[in-house]
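These notes concern the structure reproduced below.
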Amino acid sequence: MPELAEVAYSCSLWNEGLGIQIDQVITNPTSRVYRNENRKEFIQNLQGQTLSSSFTHGKQMLFSFTGNCWMGIHLGMTGSLAIEEKEYEPQKHDALLFRQPSQILVFRDPRQFGRLRLHLGKNKPKWWNDLPTSMLDKNFHSEILSNALSRHARRPIKALLLDQRYFPGMGNWMADEVLWRAKLKPSNLSGGISKIDEGRLFKQILFVVNGAIKSVGKYGGDPPTGWLFHTRWKDGLLCPKTKNPLIREQIGGRTTCWCPSLQK
DNA sequence: ATACCTGTTTCCCG
DNA sequence: CCGGGAAACAGGTA
C-alpha cells in the first residue's frame, strides 16, 4: 500500500531490528523483487551483520549494515515490511527474511512489483544520492512545480503529479487528494494551469504530503477524517466537501476519483 | 467468471 | 532525440 507515508511507516516497523545482528538471511528463490540481483550475495554479505540504520526518500527505502553493506527496498504495489515471532515459518510471498535472536524481519510482496537491491561500499549507493529533492525537504520549492508544468505542458496534471522525477513519493491516492483540495480537474493539461492555480496546487502538495506523514507515516492506518481517501473507492461516492457525486475515470493511466462540481 | 488495484519499466507512436 | 500513452509484469480480492 505504498506511497511516501506508508513507506515511512513500513520502514519504522523494521526499526525494532536496529542494532541487532542478523543470524540468518533467507531469500525467496523465485520472487521477481530480486530482478537482476544475485540472491547469494544477499546471504554472503548480510548474514552475520548488524542492521545499523534506515532511511526513506519518497517510495524508496535504504538500510545500512555493518561491513559496508547497503540494501534498497521499493515496495511496488503490494509490498510490506513486518516483524514476526522467531517461530514464524516463511510464507509463499515472503521475498526476504532476516532472522534475529528474538524476531524475524520480513519483506513480503505478493504481486512482486517491488524491488530489492544490494550495494557494497563505504558510502550510500549512487542511485540513492541521485534521487530528486524530497517533497519533505526545505529545498522543495515551487520552482520544481513550475518547471515540471512547463516542461510537460501536454500532460494531464494528474499524470504529472505521479512523475517521481519531480514529486518523489506521490502516488495515486495522494495525487487525487491534492487535486481535490486544489479544486483542479485532474485531466487539465499542465500547460494550461494559471499562476494562481499553480500556487494553490503547490500549497496543497505540501499540505497532503505533510499531513500524510504526520498521520499515516507515524501510526500507519488511514489519513485523517474528511480526506477524500475515505470515499474514493466506495460506491455511493459523495464528495466530503460538496456532498455531490464523485466520478471515477481513467486519467494518466490510473483510476482517478474527482468531484466535477468542485474541481474546474 | 470478470474486473479491478496506493507502481514502474518498456515499447511504440508522433 | 523528446514527450506521451498503452501494455506488461502477477496475484489477491470483490
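Remember, predicted model here, so these are calculated numbers, not experimental data. A note on names: the letters A, B, ... follow the listed sequences, proteins ahead of strands, and every chain is numbered from 1.
- Remark: R151(A) is in phosphate contact with dG3(C), judged by side-chain N or O atoms under 4.0 Å from OP1 or OP2.
- Looking at W127(A) and Q60(A), their side chains never bring a donor and an acceptor atom within 3.5 Å of each other.
- Put simply, the side chain of M61(A) reaches to within 4.5 Å of the side chain of L75(A), judged on heavy atoms.
- Separating the CD atom of Q112(A) from the P atom of dT8(B) is a distance of 17 Å, rounded to the nearest angstrom.
- The one candidate from I22(A), I26(A), V25(A) that meets the side-chain contact (heavy atoms from CB on, under 4.5 Å) condition with R99(A) is I26(A).
- For dC4(B) and dA6(C), the P atoms lie 15 Å apart once the distance is rounded to whole Å.
- Regarding M77(A), its CE atom lies at a distance of 12 Å from the C1' atom of dA8(C), rounded to whole Å.
- For Q103(A) and Q100(A), the side-chain atoms include at least one donor-acceptor pair closer than 3.5 Å.
- Going from atom CG of L162(A) over to atom P of dT6(B) covers 10 Å, rounded to whole Å.
- For dT8(B), the OP1/OP2 oxygens have a side-chain nitrogen or oxygen of K59(A) closer than 4.0 Å.
- Computed from coordinates, the W127(A) CH2 to dT9(B) P distance equals 12 Å when rounded to whole Å.
- In this structure, F113(A) counts as stacked on the base of dC9(C) under the 5.5 Å centre distance and 30° plane angle limits.
- The separation between R35(A) atom CZ and dT8(B) atom P is 11 Å, rounded to whole Å.
- Listed pair H74(A) / dG7(B) fails the phosphate criterion, with no side-chain N or O lying under 4.0 Å from OP1 or OP2.
- Nearest to the side-chain atoms of F229(A) among the listed nucleotides dT6(B), dG5(C), dG12(C) stands dT6(B).
- Between the CZ atom of R115(A) and the C1' atom of dT9(B) there is a distance of 10 Å, rounded to whole Å.
- Within the 4.0 Å cut-off from OP1 or OP2 of dC5(B), not a single side-chain nitrogen or oxygen of R254(A) is found.
- Residue P156(A) is in sugar-phosphate contact alone, with no base atom involved, counting any heavy-atom pair closer than 4.0 Å across all strands shown.
- Distances were taken from every side-chain heavy atom of T255(A) (C-beta onward) to each of dT8(B), dG4(C), dC4(B); the shortest belongs to dC4(B).
- At dG12(C), one or more side-chain N or O atoms of H93(A) fall inside 4.0 Å of OP1 or OP2 (strictly under the cut-off).
- In this structure dT6(B) sits in no base pair that meets the Watson-Crick or G-U test at under 3.5 Å.
- Checking D109(A) against S31(A) by side-chain atom types alone, no donor-acceptor pair falls below 3.5 Å.
- dA8(C) atom C1' lies 9 Å from atom CZ of R32(A), rounded to whole Å.
- As a whole-Å value, the separation of H230(A) NE2 from dT6(B) C1' is 14 Å.
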